[in-house]
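Working notes, beginning with the structure itself.
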Amino acid sequence: MAGLFISLEGIDGSGKSTQGRRLAEALRARGHAVTLTREPGGSPGAEEIRRLVLEGATDRWSAETEILLFTAARRDHLEKTILPALSRGEVVISDRFADSTRIFQGITRGDLTGIVDRLHALVIGREPDLTLLYDLAPETGLARATARAGSEMRFEEMGLAFQARAREGFLALAARHPGRFRRIEADASPDAVAAASLAAVLPHLG
Ligand code: TYD
């Protein structure tokens, strides 16, 4: 059994975490075994790295160091959580995956796509079967993300221009990989977004 690997992407405050939970529930109700997971994190080791990268001052790490930390977390997540679930034939829904590094580290603070792509090829080498891109205006996303302010605010604190570059980057990436990406209008009602998400996934489940 091959399983199905789905990633959820989008700027901060796009609602993908809520939608991930709803999608997992909807698929379980249809009888599918689902592993819902997230990055950075998703395995005990990667959750430890999560605290290092999401908390503290915005200038705590350079974009280059972040690439190494996020990729190290991803490798552990892939080994310990994603690949085992896929080999059990499950649907894996990961709240963020490698596209987040391509965007947040690769393009928002200068062009580091070469490093991101080479490291990905070297130690990850796996893409999701399907990526749902939750797309909305960066102003809306940042307002939502700031409203639930907690300790994991490093990226939100990078500001509106940063989120705007990230949104453009995600849309450009989706345009380059139309077979893998589905753009979801994330400004619609939560029910409408959940319905659009399920509709995008069902064709992949035979
Ligand atoms: P996430 O927990 O998805 O935050 P939210 O629920 O607010 O969308 O992601 C946390 C932050 O980590 C987010 O600001 C983006 C950042 N991030 C990267 O910069 N690179 C990465 O590779 C990943 C996985 C996340």
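In listed order, ligands and their atoms are each counted from 1.
Shown in contact with Pro40 at under 4.0 Å from a heavy atom are these atoms of ligand 1, numbered in order with element: 24 (C), 25 (C). Counting atoms of ligand 1 from 1 in the listed order, those under 4.0 Å from a heavy atom of Lys16 are 3 (O), 5 (P), 6 (O), 8 (O). Close approach of ligand 1 to Ser17 (heavy-atom distance below 4.0 Å) involves ligand atoms 6 (O). Shown in contact with Asp95 at under 4.0 Å from a heavy atom are these atoms of ligand 1, numbered in order with element: 3 (O).
In summary, the aromatic rings of Phe104 and Phe70 are positioned with their centroids too far apart to meet the 6.0 Å limit.
With contacts defined as side-chain heavy-atom distances shorter than 4.5 Å, the pair Leu198/Arg30 qualifies.
Proximity of Arg154 to ligand 1 is not established, as no heavy-atom distance is less than 4.0 Å.
Both the backbone and the side chain of Ser100 come within 4.0 Å of ligand 1, judged by heavy-atom distances.
Linking Ile, Leu, Val, Met, Phe, Trp and Tyr whenever their side-chain heavy atoms come within less than 4.5 Å puts Phe162 and Leu133 in one cluster.
The residue among Leu54, Ile103, Ile11 with a heavy atom at the shortest distance from atom 11 (C) of ligand 1 is Leu54. In this comparison of Arg148, Arg38, Glu66, the heavy atom closest to atom 5 (P) of ligand 1 sits on Arg148.
For ligand 1, the polar-atom distance check against Glu152 finds no nitrogen or oxygen pair separated by under 3.5 Å.
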